[in-house]
**Q** 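One structure coming up, written as structure tokens, with questions to follow.
Computed from a prediction, not measured in an experiment: that's the story for all the values here. Order of appearance sets the numbers: ligands from 1, and atoms from 1 within every ligand.
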Amino acid sequence: MIHPTPRLRFAPSPTGPLHLGGARTAMYNWAAARAMGGTFLLRIEDTDQARSTDASLQIILAGLRWLGIDWDEGPERGGAFGPYFQMQRLDQYRATAERLLADGHAYLCYCTPDEIEAGRKELEAQKAGFAGYNRRCRTLSPAQRTAFEAEGRKPNVRFKMPEARVMNVHDLVRGDVEVNTKELDDWVMLRPDGVPLYNFACVVDDIGMKITHVVRGEEHFLNGIKQRLLFEALGAECPLYAHIPLILNKDGKKLSKRDADTNMLDYRDKGFLPEAVFNYIALLGWSFSGDRDVFTRDEMVAAFKIEDIGKSGSKFDEEKLRWMCGEYVRRWTPAELLQRAEPWLGNVPSAAFVSHASWLCNVVACYQERIALLSELGPKLGWLLAPPAMDEAAQKNLQKEPAGKSWLLAYADHLAASNLPPSWPQDRQGVDDAVILPSKKDAPEPVCAFWTPAAIERDCRAFVERLGIKFGSFVHPVRAALTGTDKGPGLFDVLFLLGKDACVSRLRAAASGGA
Ligand code: GLU
């Protein structure tokens with residue numbers, strides 16, 4: 001079968017947010033369309049009027065945009081095959097239903113829910129195997145039909161399923177599958193109010209929108225059988241189907257709200273990086289190449305084939321998602337990371353992003369190995385932005401050495417008197433080449449910066465030697481005084497970032513404090 005212009009779609013029902021499974025379905029359709037040079041469209045399946053809301057639609061669209069999944073046709077974009085909202089396509093469903101009724105592929109069903117249930121129970125009692133709708137209305141005489149109409153009954157339109165046909169179907173993911181239609185009901189296509197049910201609307205639209213490939217969750221596999229039969233009845237070629245396995249939790253069970261956020265935007269709001277989330281979701285059922293887990297959208301598109309989607313359920317693991325975020329955080333230059341993190345750094349005065357850009361780049365660089373989410377940076381900077389309250393560990397470190405406070409005073413006096421410049425040198429334009437953190441042993445010293453971690457270290461070690469104490473004992477009270485904690489970047493990076501004046505005043509404050 002040749003598809004000259006591949007057309008794929010994501011068809012969400014706007015009855016809730018974009019969740020992980022939906023995002024993956026959208027992504028695989030998008031990637032396949034992009035890989036084949038085709039079209040990717042969005043179709044909004046809003047026929048469940050009680051549950052569909054514009055708010056959900058907006059959340060779905062925002063989720064897709066956040067992940068970088070763009071669409072060529074659909075809401076906000078229009079297109080030649082619209083409308084793209086099912087509730088605006090009712091006339092097409094009505095016309096197609098009439099055609100199927102006229103051709104004998106469908107029939108009017110006047111049964112009430114109670115009658116349907118009673119019929120089902122009867123079949124069940126007969127243990128005949130099939131226990132669905134008993135197909136009573138398939139064979140109504142015109143007189144019976146008129147009588148029902150006279151009672152005021154409003155008919156559903158039902159599709160006539162073959163009663164026991166063995167179908168051999170090919171699924172791009174599952175391969176060749178044999179299905180017997182004997183277990184499948186004559187399903188309702190259209191309600192009396194003219195609103196279609198999913199399988200019917202889906203086929204009418206897949207035909208109308210010239211869809212060539214459908215990638216969707218495996219829960220739709222049997223729907224796919226019903227849909228194939230409807231394509232056949234309408235004399236239309238059905239798309240190639242790929243039914244992809246469910247996403248499972250770490251234990252191999254069905255994913256629940258406890259395992260993953262149900263709204264993709266929650267990941268955005270928690271500071272996850274969209275590139276990393278995209279990359280991670282792509283791997284839930286597909287792999288890029290044996291030895292690489294981190295790749296760009298473009299690389300995915302270049303490599304993606306629907307046939308390569310795996311047959312077995314993939315497991316969602318938030319730890320791995322975090323790891324992936326860290327991978328991205330570390331790939332950027334400090335300037336890029338700073339730009340991305342800026343919305344999360346509400347505790348940094350906004351003017352500083354201009355006046356202290358290279359200082360902030362050094363701050364960010366210093367933490368690049370220590371964070372995974374953008375939201376993790378700001379809370380780590382408290383010690384840097386204002387003198388911190390000392391935590392328990394820092395207080396212990398301060399008290400451990402009886403002479404500790406006198407060292408702090410002496411070091412403060414030494415720094416104050418030294419010819420080291422008062423603080424971080426005036427900010428410079430070229431941000432990237434001024435980034436020297438985190439400092440590493442033997443790293444070449446930048447020409448411009450005289451208050452550098454390396455210079456501070458040399459000076460500090462010489463000072464400690466003169467004092468005649470062990471360097472290891474000196475470090476802890478100093479760190480406690482400067483950061484209020486026993487964690488964080490290397491001590492000389494800390495001194496470097498704080499600048500001489502702040503170091504001096506913090507050392508003095510800690511030395512004179514009651515702690
Ligand atoms: N609205 C359906 C769903 O969200 C679409 C299924 C399909 O792609 O055919 O599950």
Side-chain angles (χ1 to χ4, degrees), residues 6-33 38-54 56-61 63-64 67 69 71 73-75 81 83-90 92-93 96 159 169 171-174 187-189 191 195-231 234 236-247 254-255 262-264 281 285 306 309:
R7 291 178 55 85
L8 293 92
R9 60 12 176 232
F10 176 52
S13 303
T15 52
L18 180 68
H19 51 76
L20 200 65
R24 183 185 62 163
T25 299
M27 182 186 297
Y28 285 177
N29 281 291
W30 171 88
T39 299
F40 175 65
L41 62 92
L42 287 192
R43 178 171 79 223
I44 307 306
E45 305 206 328
D46 54 353
T47 54
D48 183 346
Q49 289 159 279
R51 292 173 60 230
S52 295
T53 63
D54 185 57
S56 288
L57 173 65
Q58 295 311 325
I59 291 170
I60 292 169
L61 299 184
L64 292 171
L67 286 168
I69 297 172
W71 55 100
E73 298 172 21
F81 299 84
Y84 294 90
F85 288 80
Q86 289 188 325
M87 287 307 287
Q88 293 170 23
R89 301 173 64 83
L90 298 185
Q92 303 199 28
Y93 308 130
T96 310
F159 185 69
V169 300
D171 187 283
L172 294 178
V173 169
R174 296 183 155 204
W187 45 279
V188 174
M189 294 166 23
R191 293 214 171 89
V195 177
L197 275 92
Y198 159 69
N199 280 310
F200 180 51
C202 181
V203 170
V204 172
D205 294 345
D206 283 345
I207 295 172
M209 296 176 183
K210 298 204 181 320
I211 298 302
T212 58
H213 303 69
V214 172
V215 181
R216 63 187 170 198
E218 69 181 5
E219 69 275 17
H220 286 297
F221 181 77
L222 280 183
N223 285 329
I225 301 296
K226 296 178 186 173
Q227 293 175 14
R228 284 173 193 269
L229 289 163
L230 185 49
F231 273 101
L234 289 166
E237 194 176 14
C238 84
L240 297 172
Y241 289 114
H243 289 96
I244 59 178
L246 282 178
I247 302 174
K254 197 169 178 266
L255 201 66
T262 41
N263 181 350
M264 292 317 294
I281 293 177
I306 297 174
I309 299 172

**Q** Please identify each residue that fulfils side-chain contact (heavy atoms from CB on, under 4.5 Å) with R174, with sequence neighbours left out.
**A**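 Only D171, V177, E218, F221 meet the side-chain contact (heavy atoms from CB on, under 4.5 Å) criterion with R174.
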**Q** Before signing off on this row, confirm whether A11 and ligand 1 have an N or O atom pair separated by under 3.5 Å.
**A**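 Checking ligand 1 against A11, an N or O pair does fall under 3.5 Å apart.
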**Q** Tell me which protein heavy atom sits closest to atom 8 (O) of ligand 1, plus the residue, atom name and distance to 0.1 Å.
**A**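 Nearest neighbour among protein heavy atoms for atom 8 (O) of ligand 1, to 0.1 Å: R9 NH1, 2.5 Å.
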**Q** Any atoms of ligand 1 less than 4.0 Å from a non-hydrogen atom of E45? List them with their elements.
**A**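 Within the 4.0 Å cut-off of E45, ligand 1 contributes 1 (N), 2 (C), 5 (C).
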**Q** Under 4.0 Å from any heavy atom of R216, which atoms of ligand 1 are there?
**A**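 Every atom of ligand 1 under 4.0 Å from some heavy atom of R216: 7 (C), 8 (O), 9 (O).
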**Q** Distance to the ring centre below 6.0 angstrom and angle to the axis at most 45 degrees; does that hold for R7 and F81?
**A**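 Flagged: R7 positioned over aromatic ring of F81.
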**Q** Would you check whether Y198 has a nitrogen or oxygen atom less than 3.5 angstrom from a nitrogen or oxygen atom of ligand 1?
**A**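 Yes; the residue has a nitrogen or oxygen that sits under 3.5 Å from a nitrogen or oxygen of the ligand.
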**Q** Can you tell me which residue and heavy atom of the protein come closest to atom 3 (C) of ligand 1, and the distance to 0.1 Å?
**A**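 Looking at atom 3 (C) of ligand 1, the protein heavy atom closest to it is H220 NE2, 3.8 Å.
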**Q** Does the side chain of D48 pick up a donor-acceptor pair with the side chain of Y198 at under 3.5 Å?
**A**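 No, Y198 and D48 have no side-chain donor paired with an acceptor closer than 3.5 Å.
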**Q** Can you check whether N199's main-chain N or O pairs, donor with acceptor, with N223's side chain at less than 3.5 Å?
**A**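 Absent.
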**Q** For P12, which residues count as a side-chain contact (heavy atoms from CB on, under 4.5 Å) partner, sequence neighbours excluded?
**A**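 Applying side-chain contact (heavy atoms from CB on, under 4.5 Å) to P12 gives F10, I44, I60.
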**Q** Donor-acceptor check, side chain of R228 to backbone of C238, threshold 3.5 angstrom: yes or no?
**A**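 No, the answer is negative, given that no donor and acceptor are paired below the 3.5 Å cut-off.
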**Q** Quick check on contacts: which atoms of ligand 1 are under 4.0 angstrom from a heavy atom of C202?
**A**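 In order of numbering, the contacting atoms are 9 (O).
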